[in-house]
Amino acid sequence: MTLMSVSSRFCSFLLRRRLGTTYSCSGFELLSSSSSIGLVHFHSHTNLRPKYNVPHSTHISNSHIKLRHLLLQKSKSGFEKLDDALVVFDKMLKMRPLPNVIDFAQLLTALVVMKQYPVAVSLFRDICTLRIPVSIITLSIVINCCCHSNRLDYAFSLFASIFKRGFVPNVVTYTTLIRGLLSQHKSAEARLLFTNLIKLKELQPNVVTYSTMINGLCKTGHIDMALWLFRFMGKSDSPPNTVTYTAIIDSLCKRGLADDALNLHSEMMEKGILPNVWTYSPIFQVLCNFNRWEEVSLLLKQMIEDMKISPNVYTFNILVDAYSKSGKLDDAKEIIEMMNERGEYPNIVTYSTLMQAYCAEGQIDEALAVLDRIKIKEIRPDCCTYNILLDAYCRRLQLDIAMDLYRNMVAEGLEPTVETHRVLLNGLCRLGKPMEALNFLYKIQDQGHMLDIVIYHTMLTGLCKNQYVHKALSLFHLMSCNGVIPDRDTYNIIIRGCLRNKKFSEACKLVEKMVDCGFLADAATTFLLQQLLSKVQDPSLLALHQKCLHSGIQEEFHGLRIPKPIHISCPAENSMNQNLLMIMPEEVQLCKS
DNA sequence: ATAGGGTTAG
């Protein structure tokens, strides 16, 4: 058997495997067990190995040059279809001499651009099986793919293989792993990796490493550490750039700290670090939230005219949503007009937002008209679009129409989400059919659909409102068995349910349990308690009220959240390592041991 | 040839 025939049969086999039914199982199965497809036998014939070590330059043909040209382009834009990428890969495997490390890395990059992470991992597996050489860059690309597929286990096993293969991880490899850890909410581990890099003088983090760390710290709720690191960066060799500032600004905006965000926005401009479209979007969001409409208009003008930054779909969608939610439908439509004029065309999110606005105004026909119009424009409605309409019908108690729509969306090939199910459950409860809702819940659970905490909240609320508080209590106990841990909202929902149904002793027990778990009564619960106390003088109720007051709920009342002010301080000018380790005291302990 | 920001749905 010649090398070519084995190789080409082998290639087709791999391709079929990827294109066939087993393909959907992602590349990770291949990563763990290559022997399952009989490759071990293939390995043992050393003379069947492709002769990749033939110097490339002497054999470069026209097709190699064509390939290189194609890959350069596709690694930036991605292939139009997944199959196109697979066909190119198959052709590459048949070429002699084989394309080089860079060519294969570029093909993987094209798959990354297409967000086809598991496929990239699968191709990488084939590359290894065929003994095609890889580099630290190839490995970094694949580690990134594992992280994006939430497979940290594979990412770290590949990380270990870097050393076995005799490569050295670079700053990109480490940054990728740090991002992976943070995206999986493993912020302690990310911090440990980050500090160890510095402490063990492995390598110097660059501005991307810092920004990744800062963004991740913000997203995992460690904004104080993020701010510290941000100010530390200002004095380091890698000062913050636009992305770093944007991460902090976004975080401040999400906390409602509009003025702090605006100050930072001015600060960066003073330092000559130019904001971009990413920087402006969260600022618009927070200004809208606080009804600072004048400033919104001014900022939009400044952004476009002075800074010459074009708002994009994201920016515009934030504005459309904010205007709609404040009943300023005309302003929302004006923004959509502006989008069309500027060639930044509205997308499915824009139209779903607009439909949501019509539904909120009770103009469901207008919302349906939008749906018809986008279908003409060949914009495909997604699950969220349907969820909005489903919710509107459920609110009007037209559950039969909602169910029709539900069947429609499934027929269109859309997979219902937790939100879809939440909307339908809510609809059943509204109609006073809590037991049907509960049965529906069990049905979707049996079907293997995910039940999240929001679904439980909907069901608990529905049961309590329909005087099925005993059923609510059993569901409350059941949810932790199903791996969904009650949070502050869960406790407050069930406690209010008990109070409304005069189960005061049960409410007492739950408040105690809640406080033990570190949660407090919210404004609605406190308000209900006060209302009840003004009518009924029940001693257990009074004790309950006292307990709630002692647990310190005053900071939040009547649903108004008052954000705590943040002081952005500068780190003291000590030695670098001292300073950096100060932000992560837990890690210092770990490092010492 | 590899790494870092944002929108709709309780």
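Predicted model, so just to flag it, every value in this text is computed and none were measured. Per chain, numbering begins at 1; letters A, B, ... match sequence-line order. The figures that follow rest on heavy atoms only: side chains count, while hydrogens, waters and symmetry mates do not.
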Ion pair E337(A)/K333(A), N-O distance below 4.0 Å
no
Where T176(A) and C147(A) come nearest, the two heavy atoms and their spacing:
O-SG, 3.9 Å
Donor-acceptor pair present, T212(A) side chain and dG4(B) base, under 3.5 Å:
no
Base of dG5(B), side chain of N276(A) - is there a donor-acceptor contact under 3.5 Å?
yes
Regarding dG4(B), can its base be found pairing with the side chain of N241(A) as donor and acceptor, where the two atoms are less than 3.5 Å apart?
yes
Per the under-4.0 Å heavy-atom filter, residues of residues 367-374 of chain A near DNA chain B come out as none
Report the nucleotide, chosen from dT8(B), dA1(B), dA3(B), that has the shortest atom-to-atom distance to any side-chain atom of N206(A).
dA3(B)
Between the side-chain atoms of S140(A) and the base atoms of dA1(B), is any donor-acceptor pair under 3.5 Å?
no
Heavy-atom closest contact (V423(A) atom, C394(A) atom, distance)
O-SG, 3.8 Å
With under 30° as parallel and over 60° as perpendicular, where do the rings of F194(A) and Y210(A) fit, or are they tilted in between?
perpendicular
Between dT2(B), dA1(B), dG6(B), which nucleotide has the shortest distance from any of its atoms to the side chain of T315(A)?
dG6(B)
Between dG10(B) and D489(A), counting only base atoms on the nucleotide and side-chain atoms on the residue, is there a donor-acceptor pair under 3.5 Å?
no
Given dA9(B), dG5(B), dG10(B), identify the nucleotide with an atom nearest to the side chain of T246(A).
dG5(B)
Side chains of S324(A) and D321(A): donor-acceptor distance under 3.5 Å anywhere?
no
Between W228(A) and F232(A), how do the two ring planes meet: parallel, tilted or perpendicular, split at 30° and 60°?
parallel
